[in-house]
Amino acid sequence: MEALMLTTEAATPGAAVVRPTVWTSAEWSAYFRANAGNRLDVPREAGAGVTPEELAEIVDSLRAWQLGETSDGSRLLRTAEAHAARIGDPGFVDAIRLFIAEEQRHGEELGRFLDAAAVPRVRRDLGDSLFRVFRHFLMRMEVWATVVVMIEVHALLYYAAIRRATGSAVLRRICDQILRDEVPHIRFQCERLAIIHRGRGRVLGVLTAASQRVLFVGITMAVWVGHRRALRAGGFTFRRFWRNSWAQMGRAWRAMRPGAYRWPVRAGG
Ligand SMILES: [Fe+2]
Ligand SMILES: [Fe+2]
């Protein structure tokens, strides 16, 4: 299996451009299975190891992320099933199931940290009410993959900030694990979007790109407004957060261009 690359940057002039192949669903499932058995050890014996001062800065935000990571993924799964049936790739459902399981492991690890710090977990699922409003919209795989990749781009910045904001060995190790997992997650979503966008005409391509930028502005603002205290504790000013968000998302955008890949005869199958 070739090394995972998030970026498919332009090569220096004169150098050969090596484009990766889009992984099949079976390759993604194999990756997720292998990764599940390759976890970092979390040094729980030391307890939460977080000071009240540190905790005060990050706790509200961490509870919200913990809940988000814990979502049961049933709607994403239903959307993936419909998508897989449409493109004739039943293996995609398995890959999505394993992806959801990995996200739930993140939620569980964060949940255990909150338990150890004697912080109650949040139970209410805000996503439920949002989903009811945007139901029709969110039944499309393209919309899911787009929203998820944007949130994962912010997760990279967020968990790096949390890691900087605490001296807790447990929490820092959990952040390391999540950061390690999220890079391939972004690649997974970008490949799916490249598959979906493949063959899209120029006008629709431009409209897609424009609507993604609008969505990204909204999500970036929402993440800052909702989590600025923790992000600040991790060293982000708004300006720095904004700049880093767009830089990371720029890499994801390059990785979701169909032209960034070599295509097997039956892509995604
Ligand atoms: Fe995650
Ligand atoms: Fe993720």
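Both counts, for ligands and for their atoms, begin at 1 and track the order of listing. Start at 1 with the first residue, then count along the sequence.
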Exercise. In His106, which N, O or S atom comes closest to the Fe ion (ligand 1)?
Worked result: ND1
Exercise. Among the N, O or S atoms that Glu103 has, which is closest to the Fe ion (ligand 2)?
Worked result: OE2
Exercise. Between the side chains of Gln177 and Asp181, does any donor sit under 3.5 Å from an acceptor?
Worked result: yes
Exercise. Between Arg173 and Asp41, does at least one N-O distance fall below 4.0 Å, as a salt bridge requires?
Worked result: no
Exercise. Taking C-beta and beyond as the side chain, do Glu142 and Leu193 meet within less than 4.5 Å on heavy atoms?
Worked result: yes
Problem set entry | Basic-acidic side-chain contact under 4.0 Å: Glu191, Arg187 | yes
Exercise. Does a donor on one side chain and an acceptor on the other come within less than 3.5 Å for His106 and Glu103?
Worked result: yes
Exercise. Counting backbone and side chain alike, does Glu102 bring an N/O/S atom below 2.8 Å of the Fe ion (ligand 2)?
Worked result: no
Exercise. Taking just the N, O or S atoms of Glu182, which one is nearest to the Fe ion (ligand 1)?
Worked result: OE2
Problem set entry | N, O or S from Glu152 under 2.8 Å to the Fe ion (ligand 2) | yes
Problem set entry | Atom nearest to the Fe ion (ligand 1) - Glu69, N, O or S atoms considered | OE1
Seminar exercise, completed: Of all N, O or S atoms in His185, the one closest to the Fe ion (ligand 2) is ND1
Exercise. Between Arg44 and Asp115, is there a side-chain N and carboxylate O pair less than 4.0 Å apart?
Worked result: no
